[in-house]
There are 2 protein chains.
Amino acid sequence: MLLLLTYVRRINFRKGIRRKKIEALRMTGKKIQKKSAYHHGDLRGQLIAAARRLIEEHGPDGFSMSDACRLAGVSTAAPYRHFSSKNDLLTDVAKDGLQRLGAEMEQSASEHPRGSIESISAIGRVYVAFAIREPHTFRLMFSTRSHSGRIEELKQVGRGCYGVLLAEVARYLGEDDITEWVIKTAFPLWTQVHGLSFLAIDGKLDVTSFPVDINDAVLLATQRLLPPQDERQKP
Amino acid sequence: MLLLLTYVRRINFRKGIRRKKIEALRMTGKKIQKKSAYHHGDLRGQLIAAARRLIEEHGPDGFSMSDACRLAGVSTAAPYRHFSSKNDLLTDVAKDGLQRLGAEMEQSASEHPRGSIESISAIGRVYVAFAIREPHTFRLMFSTRSHSGRIEELKQVGRGCYGVLLAEVARYLGEDDITEWVIKTAFPLWTQVHGLSFLAIDGKLDVTSFPVDINDAVLLATQRLLPPQDERQKP
DNA sequence: TAACTATGTTACTATTGTTAACATATGTTA
DNA sequence: TAACATATGTTAACAATAGTAACATAGTTA
């Protein structure tokens, strides 16, 4: 029994240490409103933010619900009022990522002549850049793991992203709708950029002896995979 | 204290159930040699096999060291005589996968005229097929997560795989060595096939409204990304 | 004010990866 | 063959996790 007590005390001691660390971390956070000390204000949003941060810092496996709780300053049971499971929270992180990616794609496309090789390759550049900037989130966005019952919901947001590319390719081809031709032209572009993203974040770009300039690679692939300017009519 | 005893008994009861399940699983395994009942024979190999199986069945997250132990019929501490950690075991699964992929690539290339579009696209087909057949292992093979101190070792095996493609592209281009031209031609091919693999295993091929035939996609991309037959001279 | 609902908490369960201390089999050498 | 060293197992325990249940409080509405 004495042993048990010692054990418990040791646990609490450790907890104390951990708490202090996390407390320090919390201070760096932006908007902390302790308006009631019991009810949190925006726990849901802050948990997602904490998850994003932790995932990018320690990878999706290094992320734990408990850590997110400590960051948000709540008990480990609190998240389950807002998310049905850890995976459910991760799904929201992924969804958020997809939405941000879509917005960035649209933004970068709009900065070039619409329907040009430049605008299309700009979309690709943004795509790869996102992957490199937030590799773990990116991996999460495109994985069926987790996301238990919400794959369709996620896919819907993904379709939004893809739609940006499709629209731009349609403009390039002079098509008014997203025709089969548009889709079949756009798909290899996506594939290419997607593969490049994964190779980049998985550190595989140096297996080849020559350094790969990512932006060059995107542009080159775009040029090769799009039909040349003078053949831009329906096959 | 009574409570504690009840708790312990319940644990043992559960363990009993689990043991039976796993026992049933074990029977389906092929080579079980219980030559000494203490020393196992080939625990290392069987743990890798168990890991492969469990990973493909429940995903890399659903895989637990404990499950692998139960499958192999040893205690949870036993693996640590052969692997320094769970990740270390996973690294061996990944390495094994890369080796098998490389062998399959070489095999399929050899079944076509060397240095032809057919042999090159055959390599791509095998690549994607592997990903679809063993998606979780494939993901593991190309992820920097885990694999703690052994990334270089893994990369070396990966270079072997890539070498198969490089050699075939070199033949296509009529080059004797793996020149810069060869590498720059092969790289987008790899990217394309790699992206296609990930999109396929992540269930993203149906975001486009038209069904994607993977083999067609590989062939088409190969044709577009390789310089045409009549331009096969150094740029 | 009273009742209801949303959102927290504490305490607990079951499970995991990993280590330490111990035990036994196998191979090598006196 | 006996003694030892090494490789390879075991049990018991630790620290951490995801998730649940029972309870508590804040905010909202009748």
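In what follows, chains are A, B, ... by sequence order, proteins preceding strands, each numbered from 1. Just so it is clear, the values below take in all heavy atoms, side chains as well, and ignore hydrogens, waters and symmetry mates. Quantities reported herein were computed from a predicted structural model and do not represent experimental measurements.
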Below the 4.0 Å mark, does dT17(D) have OP1 or OP2 next to a side-chain nitrogen or oxygen of Ser64(A)? yes
On a heavy-atom basis, the closest approach of Asp88(B) and Ser84(B) is OD2-N, 3.0 Å
Hey, is the side chain of Arg70(B) poking within less than 4.0 Å of OP1 or OP2 on dT16(C), counting only N and O atoms? yes
Within this structure, what is the CG-to-C1' distance between Asp88(B) and dG17(C), rounded to whole angstrom? 14 Å
Base, sugar-phosphate, or nothing for Thr76(B), non-hydrogen atoms under 4.0 angstrom? base
Which nucleotide sits closest to the side chain of Asp67(A): dG17(C), dG19(D), dT17(D)? dT17(D)
What is the distance from OH of Tyr80(A) to P of dA11(C), rounded to the nearest Å? 18 Å
Who does dT8(D) pair with, Watson-Crick or G-U, both distances under 3.5 Å? dA23(C)
Let me know the distance between NZ of Lys86(B) and C1' of dT19(C), rounded to the nearest Å. 17 Å
In whole angstroms, how far is the P atom of dT17(D) from the CG atom of Asp61(A)? 14 Å
Strictly below 4.0 Å, N to O, side chains only: are Asp202(B) and Arg139(B) in salt-bridge contact? yes
Separation of dT17(D) atom P from Leu54(A) atom CG, nearest Å, is 11 Å
In whole Å, what is the span from the NE2 atom of His82(A) to the C1' atom of dT9(C)? 13 Å
Check whether any side-chain nitrogen or oxygen of Ser66(B) sits under 4.0 Å from OP1 or OP2 of dT15(C), and answer yes or no. no
Less than 4.0 Å between a side-chain N and a carboxylate O, is that true for Arg159(B) and Glu152(B)? yes
Is Asp67(A) paired with Arg70(A) through a side-chain N to carboxylate O contact shorter than 4.0 Å? yes
Scan Phe187(B), Tyr162(B), Phe142(B) and name whichever one has a ring pair (Phe, Tyr, Trp, His ring centres under 6.0 Å) with His194(B). Phe142(B)
Quickly work out the Phe63(A) CZ to dA18(D) P distance and round it to whole Å. 7 Å
What is the distance, to the nearest angstrom, from the CZ atom on Phe83(B) to the P atom on dT16(C)? 18 Å
